[in-house]
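Below is one structure, written out as structure tokens, with a few remarks after it.
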Amino acid sequence: MSLPFALASHLDLALQTAAAALGWVERGFLPEVRVADPAHGDFQANGALAFAKREKQNPRALAQQLVDRLDPSVRSTCEVTLAGPGFINFRLKPAALLAWLQDYDSEAHLQGGAASAKAGQTWIVDYSSPNTAKQMHVGHLRSAVIGEAICRLLAFSGARVIRDNHIGDWGTQFGKLIWAYKQAQATAPAALATALANEPLEEFERLYKAGHHAAEADPAVLDAARSELVKLQDGDAVNLDIWRHINGVSLAAFQQIYDQLGIRFDFAHGESFYNDKVAAVYRELQQCGLAQESEGALVVFHPEHPRFAQQPFLIRKKDGASNYASTDLATVLHRAETYHIDGAAYVIDFRQSDHMDQLFLTAQKWFERTGRKLPRLEHVDFGTVLGEDNKPLKTRSGENIRLKDLLAEAEARALALVAEKSRDLTPEEQTGIARIVGVASVQYADLSQNRSSDYVFTWDKMISLDGNTAAYLLYAVARIRSIFRKAGLDPARPPVAGASAPETPQELALARRLVQFSDAILLATSQLRPHFLCLYLYELAGAYSAFYAVDRVMVDAAEVRARRLLLCHRTLIVLETGLHLLGLRTLERM
RNA sequence: GCACCUGUAGCUCAACUGGAUAGAGCGCCAGACUACGAAUCUGGAGGUUCGGGGUUCGACUCCCUGCAGGUGCACCA
């Protein structure tokens, strides 16, 4: 017996075939197969209900007809029952569970099963995107963490994924910064050189603040700063050098954070990259009648829209300068033409929803009028990270919390816990474990929640080992690995020959959870919501812990031992695969 | 003022986009280690899903309306 990776879509297909024989497909019948409450079965099909409603017929009778036409192979793997007003329930037989588990025996095979969903597609993911000359702070966390998980989910589903860090490297902050830099160079060059050698990004940040304050106090400074900006934008060699220096330093500092989070971009095409591409945007949008002059600026209105009929999409400022609307439009075009993308996911704060809506609407009309094919554009929005006072998370003094400090504190808290719980490990081992647990906890706390809402950042809840946390999942992984280690077995080659089908309630519950991996992947990927995968992994780990508590693995009966080792091993690879998809690192022991 | 998001157990969150008896964790109560890691597991109590209407076999989910909080709305991204 061999079973497909995605059992739900397999059942879906079988039902569609049966429906076609009944002539229902033309009338719009959809099976609607989904994971069921375990009390009812493994999967359920609800389609007969909606169809019966439209056809004004008895849903239960229609469901019965469907079941009668079902291919016999379905009945050989599932118990099929009718329930309630017309639900069709499917419960996999133990032998079928075993067959699936035997087939999907490695991360590579799981991926092979999942890879058909987005095969042949190219997606670009636009995430993280901090501004240069500033340190990354807690406000940059979600885009980076969620964006990385989405990249991995898309790639796992078979897409070619391009990771683009759309950094803010062309903002107005550079005028003040360059002015202050030149000031410092003129008055205290040695101190400047030392500071830049030791903590370059901190120094640039300090310079920016100095420039900002000076400009506020003295209009002459403000003018000077503006003229530095104009010189930069006109290509002044000295200012360009300073600007490059700032960006280089910034990217290096960002990369330290990205290394901790396991992120590596394909490129970082910031706003400056699109400098020479915005003129074409102005020209085309005017030519196709989308853009118009208003109050000296170039804007796009959308007359059919309740808000954007009045609220302009401002693509060129009255002083002629570009802004992020212009560069974002240029970016859409560049990505579409250069990479032939099928879709682009913008992992950006919900506060920019208006901007994204206007961008997408404008791009859609622009592409339509110029005969281009528009890729799917998705705003993957997310809420704010709040402190326990339900206000945006800040330090006690009201500053943004630097991401560097946040991750360091997570590691420190994890270390305190590891040192307490795992006294038998060496200090080096404890530190290594804390590094992974700390960062994973931060990542998981963010990912496990529906990204649409704000979330409250609580140290205790995050690092704690109870509930839906990274540590709970990592602990489950460590316990499985521990069994193999103690038994002297290689988890890469588990001795599972002769395994019998799952039998005890806990074995069955665990096996059922395992075969639903594909559903979790599909759900998380199709909606670009990693929390669905988190929820699944948490439930899987829970099913494993329940199994572990009741069914001893290393028993004498060979067949029982083999099937329990099989369950352990498959749980291990699914947990690890899932955690890696979320961007987390996993552990041997903790 | 207009628009968008959010409102679910004391707290933090789920509920697969209209499906079956709204589920978890924390906290609280009661249990389980001389066998593979108790950082665990098993039970229990806890709900007018913000209020009020409506749509239908069926609503946390869709529509209308009110309330509360957050966010955005012409040159910063």
Side-chain angles (χ1 to χ4, degrees), chain A residues 8 32 34-37 39-40 44 46 49-50 52-53 59 83-87 89 129 131 168 170-173 271 294-299 305-308 310-319 321 323-325 327-328 349-355 357 381 383-384 386 388 390-392 417-418 420-422 437 448-450 452-456 458 460-461 464-469 471-472 474-476 478-487 519-520 522-524 526-527 529 531-532 534-536 538-539 542 545-555 564 568 589-590:
Chain A
E32 290 184 45
R34 59 192 62 182
V35 170
D37 185 316
H40 302 122
Q44 64 182 65
N46 302 343
L49 290 151
K53 186 176 188 172
F87 298 108
N89 290 330
S129 310
N131 290 332
W170 204 243
T172 45
Q173 73 267 33
E271 282 150 10
S294 171
E295 298 177 28
L298 191 62
V299 304
H305 194 279
R307 237 166 332 131
F308 306 143
Q310 299 296 324
Q311 184 180 320
F313 190 47
L314 205 146
I315 64 170
R316 190 181 61 203
K317 303 197 277 188
K318 67 181 170 197
D319 64 3
N323 66 356
Y324 77 144
T327 52
D328 280 357
D349 198 327
F350 76 101
R351 286 176 296 187
Q352 293 191 35
S353 296
D354 274 6
H355 171 75
D357 288 350
D381 64 345
T384 310
L386 304 177
E388 292 183 62
N390 275 325
K391 291 181 184 154
L417 208 69
V418 173
E420 179 203 326
K421 300 279 186 187
S422 303
V437 173
S448 60
Q449 229 164 99
N450 189 335
S452 298
S453 43
D454 295 345
Y455 88 93
V456 177
T458 315
D460 291 337
K461 180 184 150 200
S464 101
L465 315 142
D466 306 307
N468 192 3
T469 60
Y472 180 80
L474 292 173
Y475 179 64
R479 283 212 294 191
I480 299 172
R481 288 198 168 274
S482 176
I483 290 179
F484 282 91
R485 191 168 52 243
K486 291 237 164 95
D519 300 287
L522 191 66
L523 201 55
S526 63
Q527 303 191 30
R529 291 185 188 273
H531 82 282
F532 285 120
C534 294
L535 186 66
Y536 167 79
Y538 174 58
E539 286 174 344
S545 292
F547 157 77
Y548 181 91
V550 173
D551 294 326
R552 184 172 158 74
V553 176
M554 297 309 291
V555 293
R564 290 185 181 163
C568 286
R589 53 202 304 177
M590 64 186 278

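Worth saying up front: this structure is predicted, and the values here are computed from it rather than measured. Every chain is numbered from 1 and lettered A, B, ... according to where its sequence line falls, protein lines coming before strand lines.
Here A:F87 lies parallel enough and close enough to stack on the base of B:rA20, with planes under 30° and ring centres under 5.5 Å apart. For B:rA20, the base is stacked against the aromatic ring of A:H40, per a cut-off of 5.5 Å between centres and 30° between planes.
The residue A:S294 sits close to a base: some heavy atom pair falls under 4.0 Å. Nucleic acid contact for A:Y455: sugar-phosphate only, since backbone atoms but no base atoms lie under 4.0 Å from a heavy atom of the residue. A:S353 comes within 4.0 angstrom of no nucleic acid atom, judged by non-hydrogen atoms across all strands. Contacts of A:D551 with the nucleic acid, taken as non-hydrogen atoms under 4.0 Å apart, include base atoms. Using a 4.0 Å heavy-atom cutoff across all strands shown, A:A546 reaches sugar-phosphate atoms only and no base atom. Within 4.0 Å of A:N450, counting heavy atoms only, lie sugar-phosphate atoms of the nucleic acid but no base atom. Contacts of A:V456 with the nucleic acid, taken as non-hydrogen atoms under 4.0 Å apart, involve only primed sugar atoms and P, OP1 or OP2. Contact annotation for A:P312: base contact, defined as any heavy-atom pair under 4.0 Å involving a base atom. Contact annotation for A:E32: no contact, since no heavy-atom pair falls under 4.0 Å across all strands. Using a 4.0 Å heavy-atom cutoff across all strands shown, A:N468 reaches no nucleic acid atom at all. Residue contacts shown for A:L535 are limited to sugar-phosphate atoms, with no base heavy atom under 4.0 Å away. Among the atoms of the strands shown, none is found under 4.0 Å from any heavy atom of A:H355.
Distances shown here put a side-chain N or O of A:R34 below 4.0 Å from the OP1 or OP2 atom of B:rU17. The shortest distance between the side-chain N/O atoms of A:R351 and the OP1/OP2 oxygens of B:rG70 is not below 4.0 Å. Applying the 4.0 Å criterion to OP1 and OP2 of B:rC41, one finds that A:Y475 has every side-chain N and O outside that range.
Here the shortest heavy-atom pairing between A:P59 and A:L49 reads CB-CD2, 4.0 Å.
Using a 3.5 Å distance cut-off with no hydrogens or angles, the side chains of A:R529 and A:S452 do pair a donor with an acceptor.
Side-chain atoms of A:K421 lie closest to B:rA39 of the nucleotides B:rC13, B:rA39, B:rC36. Relative to the side chain of A:E295, the nucleotides B:rG18, B:rC73, B:rC75 differ in distance, and B:rC75 lies closest. Relative to the side chain of A:A83, the nucleotides B:rA39, B:rC75, B:rA20 differ in distance, and B:rA20 lies closest. If you check B:rC4, B:rC13, B:rG18 against the side chain of A:R307, the one that comes closest is B:rC4. The listed nucleotides are B:rG18, B:rC41, B:rC16; the one nearest the side chain of A:L523 is B:rC16. The side chain of A:V35 lies closest to B:rC16 when the candidates are B:rA14, B:rC36, B:rC16. Closest to the side chain of A:K317, out of B:rG72, B:rA14, B:rC75, is B:rC75. The A:R552 side chain lies nearest to B:rC36 when the options are B:rC16, B:rC36, B:rA15. In the set B:rG18, B:rA15, B:rA14, B:rA14 carries the atom at the smallest distance from any side-chain atom of A:S453. Listed nucleotides B:rA24, B:rC75, B:rC36 differ in distance to A:Y538; the shortest reach to its side chain belongs to B:rA24.
Between the P atom of B:rU71 and the NZ atom of A:K391 lies a distance of 11 Å, rounded to the nearest Å.
Between A:F350 and A:D454, some side-chain heavy-atom pair lies under the 4.5 Å cut-off.
Rounding to the nearest 0.5 Å gives a distance of 8.0 Å between OG of A:S526 and CZ of A:F532. Considering OH of A:Y455 and CG of A:L386, their distance stands at 9.5 Å, rounded to 0.5 Å. In this structure, CD1 in A:I480 is found 12.0 Å from CZ in A:R485, a value given to the nearest 0.5 Å.
Nucleotides B:rU55 and B:rC63 have their P atoms positioned 15 Å apart, rounded to a whole Å. Rounded to the nearest Å, the gap between the C1' atom of B:rG47 and that of B:rA30 is 23 Å. With C1' as the reference atom, B:rU21 and B:rG58 are 14 Å apart, rounded to whole Å.
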Does the pair A:F308 and A:F313 meet the rule for a ring-ring contact (aromatic ring centres under 6.0 Å, His included), with working shown?
CA-CA 8 Å; A:F308 306 143; A:F313 190 47; 8.3 Å; no
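For B:rA20, the base has a donor-acceptor partner in the side chain of A:N89 [N/O atoms by modelled type, under 3.5 angstrom]. Not a single donor-acceptor contact under 3.5 angstrom links the side-chain atoms of A:Q449 to the base of B:rU12. Between the side chain of A:S422 and the base of B:rA39, at least one donor-acceptor pair of N or O atoms lies under 3.5 Å.
With the nearest nucleotide of RNA chain B identified for both A:Y324 and A:S448, A:S448 has the one nearer the 5' end.
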